[in-house]
Amino acid sequence: MADPIEVNYTPDGDDWAVAVKGRGQTLTARAPGLIAARDRADQLVEKIAPDEPGHKTVVHLLNGDAVEFTTAYLTARLAKTEPEKPVEVPAPAEPEKSGQPEQKPTPRPRAKSDAEKQAKTQEPQKEAASGS
């Protein structure tokens, strides 16, 4: 197993200093914000170990503590940069008025049920039977 590459982060005002140590080298950089510093660290790791195929073991540390770095990094990633603005829902568009009165759809005649049809055909027979 290869030796891990260590990345140390140090806050420096609004910026962050990054020091990457491994494979007998130390590379440093500065970045505005922790997320940018983490991205810059990945670039420096590639410079230190460009020819290593597969997984490189990289340990990210803040104040010498990997858990502290992870907490700070995730907090920065999940933090909202701007407060949410309320979403404005547009009012429904009014129908275009053409100067003519609104036409309502004409209702279709309802179909008669079988019972109504049968009752209608039987009524004349009743009258004929009673009229005789």
Side-chain angles (χ1 to χ4, degrees):
M1 179 169 109
D3 291 330
I5 297 171
E6 227 177 73
V7 182
N8 290 292
Y9 298 84
T10 307
D12 186 14
D14 290 338
D15 295 338
W16 287 80
V18 181
V20 180
K21 297 177 186 177
R23 315 297 188 267
Q25 299 177 48
T26 300
L27 301 177
T28 59
R30 293 174 55 84
L34 186 56
I35 296 168
R38 172 67 167 75
D39 291 343
R40 186 69 179 118
D42 288 343
Q43 295 168 356
L44 296 176
V45 167
E46 284 302 314
K47 285 184 178 182
I48 285 181
D51 298 329
E52 290 183 25
H55 183 74
K56 298 176 185 86
T57 302
V58 180
V59 180
H60 299 269
L61 304 169
L62 175 59
N63 297 325
D65 188 350
V67 173
E68 190 173 340
F69 170 79
T70 302
T71 302
Y73 180 72
L74 290 176
T75 301
R77 293 291 288 187
L78 298 174
K80 295 179 182 175
T81 55
E82 294 181 17
E84 283 188 29
K85 296 178 184 173
V87 177
E88 291 184 27
V89 178
E94 297 212 11
E96 232 178 81
K97 295 188 179 182
S98 62
Q100 297 178 358
E102 186 178 333
Q103 294 181 353
K104 294 183 181 178
T106 0
R108 292 187 352 194
R110 126 181 127 78
K112 294 185 177 181
S113 68
D114 290 337
E116 289 174 318
K117 289 177 188 174
Q118 188 177 15
K120 193 167 193 167
T121 56
Q122 290 177 355
E123 283 178 24
Q125 293 174 355
K126 287 181 183 176
E127 289 176 12
S130 61
S132 343

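Residues: numbered from 1 along the sequence shown.
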Inset, instruction - Can you establish whether the number of heavy atoms outside Lys56 located under 6.0 Å from its atom NZ is more than 12? - result: yes
Legend entry - From CD1 (Ile35) to OH (Tyr73), nearest 0.5 Å: 6.0 Å
Legend entry - Spacing of Asp15 atom CG and Leu34 atom CG [to the nearest 0.5 Å]: 12.0 Å
Legend entry - Heavy-atom closest pair, residues Ala31 and Ala36: CB-C, 3.7 Å
Legend entry - Among Leu44, Thr28, Val7, Thr26, side-chain contact (heavy atoms from CB on, under 4.5 Å) partner for Lys21: Thr26
Legend entry - CD1-CD distance between Ile48 and Gln43, expressed to the nearest 0.5 angstrom: 13.0 Å
Legend entry - Heavy-atom closest contact (Leu62 atom, Ala72 atom, distance): CD2-CB, 3.8 Å
Inset, instruction - Using a strict cut-off of less than 4.0 Å between a Lys/Arg side-chain nitrogen and an Asp/Glu carboxylate oxygen, indicate whether Asp3 and Arg23 qualify as a salt bridge. - result: no
Legend entry - Smallest separation among heavy atoms of Trp16 and Ala37, with atom names: CB-CB, 3.8 Å
Legend entry - For the student: nearest non-hydrogen atoms of Ala66 and Leu61, plus distance: N-CD2, 3.5 Å
Legend entry - Under 3.5 Å donor-acceptor, Asn63 side chain and Asp65 backbone: no
Inset, instruction - Drop me the distance from Gln25's CD to Lys47's NZ, to the nearest 0.5 angstrom. - result: 10.5 Å
Legend entry - Cation over ring face, Arg38 and Tyr9, 6.0 Å, 45°: no
Legend entry - From Glu6 atom CD to Thr57 atom OG1, the distance as rounded to the nearest 0.5 Å: 12.5 Å
Legend entry - Interatomic distance, His60 atom NE2 to Ile5 atom CD1 [nearest 0.5 angstrom]: 9.5 Å
